[in-house]
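Residue numbers begin at 1 in each chain, while the letters A, B, ... track the order of the sequences. Side chains included, hydrogens not; waters and symmetry mates left out as well; all remaining heavy atoms used.
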Amino acid sequence: MKLATWNVNSLKVRLPQVVDWLAANPVDVLCLQETKLRDEQFPRDAIAEAGYEAAFAGQPTYNGVAILARRDTVGPPADVVVGNPLFEDPQQRLISATVGGLRVVCAYFPNGQAVGSEKFEYKLRWIDALIEWLKPGIRGTAPSAGGESAGTATPLLALLGDFNIAPEDRDVHDPEKWAGQIHCSDEERARFFQLAGLGLVDTFRLFEQPPRQFSWWDYRMLGFRRNAGLRIDHILVDAPLAPRVRACAIDREPRKLEQPSDHAPVVATLDG
DNA sequence: ATGGCCACCTTGGGTGGA
């Protein structure tokens, strides 16, 4: 089973690239962020033509998330929950569904703009609420399907998305320049490791990786050519799944195309 | 030199991204 996440920075613009990528990389689950589409604009037909069923939550201009599930392997996303029931939020940043026996949470963490700003405070509150919601017993389900339904096995969790957090200095092209800055602050990093504390494992770090592996590069300043990037897109899985993870890699190829997203897809491969 | 690019909504330039 293959799980992937990709911040496409407009699904309208990137749809041909997504369709091509899925043809070359027929993953079972693809989580998308920054679709930037109203729900009525979502390209259901093109996604279906590519062999996938989608659950999505969008809005005009900003944000927007989707979970694509391969029809002939895992079937359509089930028990879809939009947003975090513990955090009222007009911004469409979170969608979750049960796919292939996993509870898949697709997240677009707030950017935060600058440490100390109002948007930064919103980012911290948003993450705190996510952590609360992903605690054992709740685990990304709707409230009614959580702790109250004793005896029902809660599916294991996979949290994929654009976290807008570079967890460690090795995830940053220039740690000195970024020290204490947005995506790298102690407050943000502490929250990333709080998620780990819930029993979620960063699949990328289960493996020896080449140095300077990033998932985002600034459009400006020849960021990609200089590999001046950050690793801020992540795939976390419940610890009991860790022995099943065979690989996790960032696919830089789409970043080389004409009119690319500034993010690259990340793919995790699981046994079974 | 602290910005350079890209997408959106909209046709000029502000907002947001990271």
Original post:
When the ring planes of A:F224 and A:W217 are compared, do they come out parallel, tilted or perpendicular, using 30° and 60° as the limits?
Top reply: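 Taking A:W217 first and then A:F224, their aromatic rings stand perpendicular (interplane angle over 60°).
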
**OP:** Could you tell me whether A:R246 and A:D271 have a side-chain N and a carboxylate O separated by less than 4.0 Å?
**Re:**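 So A:R246 pairs with A:D271 through a salt bridge.
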
Subject >> Pair A:K256 + A:E253: basic N to acidic O under 4.0 Å >> reply: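 Here A:K256 pairs with A:E253 in a salt bridge, since their nearest N and O are under 4.0 Å apart.
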
**OP:** Could you tell me which residues satisfy side chain to side chain contact (heavy atoms under 4.5 Å, CB included) with A:Q91, sequence neighbours excluded, listed by chain and number?
**Re:**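 A:Q91: side chain to side chain contact (heavy atoms under 4.5 Å, CB included) contacts with A:Q59, A:N63, A:D89, A:R93, A:Y122.
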
How long is the line joining [atom1] of [X] and [atom2] of [N], in whole Å?
X: A:Q259; N: B:dC5; atom1: CD; atom2: P; result: 15 Å
X: A:H183; N: B:dA18; atom1: NE2; atom2: P; result: 6 Å
X: A:Q91; N: B:dC8; atom1: CD; atom2: P; result: 17 Å
X: A:N7; N: B:dG17; atom1: CG; atom2: C1'; result: 9 Å
X: A:E34; N: B:dT15; atom1: CD; atom2: P; result: 18 Å
X: A:R255; N: B:dA18; atom1: CZ; atom2: P; result: 12 Å
X: A:R226; N: B:dA18; atom1: CZ; atom2: P; result: 18 Å
X: A:K12; N: B:dC9; atom1: NZ; atom2: P; result: 7 Å

**OP:** Verify side-chain contact (heavy atoms from CB on, under 4.5 Å) between A:F87 and A:E132, making sure each step is shown before the conclusion.
**Re:** CA-CA 10 Å; A:F87 188 79; A:E132 195 60 32; over 6 Å; no

Below the 4.0 Å mark, does [N] have OP1 or OP2 next to a side-chain nitrogen or oxygen of [X]?
X: A:N164; N: B:dA18; result: yes
X: A:Q33; N: B:dG17; result: no
X: A:H263; N: B:dA18; result: yes

Subject >> ring-ring contact (aromatic ring centres under 6.0 Å, His included) against A:F109, all qualifying residues, sequence neighbours excluded >> reply: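 So A:F109 forms a ring-ring contact (aromatic ring centres under 6.0 Å, His included) with A:W126, A:F163.
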
Which part of the nucleic acid, if any, lies within contact of [X], taking any heavy atom under 4.0 Å across all strands shown: a base, the sugar-phosphate backbone alone, or nothing?
X: A:R93; value: sugar-phosphate
X: A:N63; value: nothing
X: A:Q181; value: nothing
X: A:D233; value: nothing

For a quick test of your reading: what N or O donor-acceptor pairs under 3.5 Å do the side chains of residues 206-213 of chain A make, sequence neighbours left out?
from: A:Q209; atom 1: NE2; to: A:F204; atom 2: O; distance (Å): 2.8
from: A:Q209; atom 1: NE2; to: A:C248; atom 2: O; distance (Å): 3.1
from: A:R212; atom 1: NH2; to: A:N227; atom 2: O; distance (Å): 3.2

Original post:
Is there side-chain contact between A:V266 and A:R231, with heavy atoms separated by less than 4.5 Å?
Top reply: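 No. Closest side-chain heavy atoms not under 4.5 Å.
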
Using the [atom1] atom on both, measure [N] against [M] and round to a whole Å.
N: B:dA18; M: B:dG3; atom1: C1'; result: 15 Å
N: B:dA1; M: B:dT11; atom1: C1'; result: 31 Å
N: B:dG4; M: B:dG14; atom1: P; result: 13 Å

Original post:
Please, which pairs that meet side chain to side chain donor-acceptor pair (under 3.5 Å) have at least one residue in residues 11-24 of chain A, sequence neighbours excluded?
Top reply: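 As it turns out, the side chain to side chain donor-acceptor pair (under 3.5 Å) pairs with a partner in residues 11-24 of chain A, which skip direct neighbours, are A:W21-A:D251.
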
Original post:
Is the backbone of A:P167 close enough, under 3.5 Å, to the side chain of A:R189 for a donor and an acceptor to pair up by distance?
Top reply: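 At least one qualifying donor-acceptor pair exists.
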
Original post:
Of the nucleotides B:dC9, B:dA18, B:dA7, which one has an atom closest to the side chain of A:Y108?
Top reply: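 The answer is B:dA18.
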
Subject >> Residue A:T61, side-chain heavy atoms: nucleotide from B:dC9, B:dA7, B:dA18 that is nearest >> reply: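 Closest nucleotide among those given: B:dC9.
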
**OP:** Within residues 211-224 of chain A, find the residues that approach DNA chain B with a heavy atom at under 4.0 Å, and present them sorted by residue number.
**Re:**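 Within residues 211-224 of chain A, the residues near DNA chain B are A:W216, A:Y219, A:R220, A:M221.
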
Original post:
Taking DNA chain B as the partner, which of residues 109-124 of chain A come within under 4.0 angstrom of it by heavy atom?
Top reply: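 Of all residues in residues 109-124 of chain A, the ones placing a heavy atom under 4.0 Å from DNA chain B are A:N111, A:K119.
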
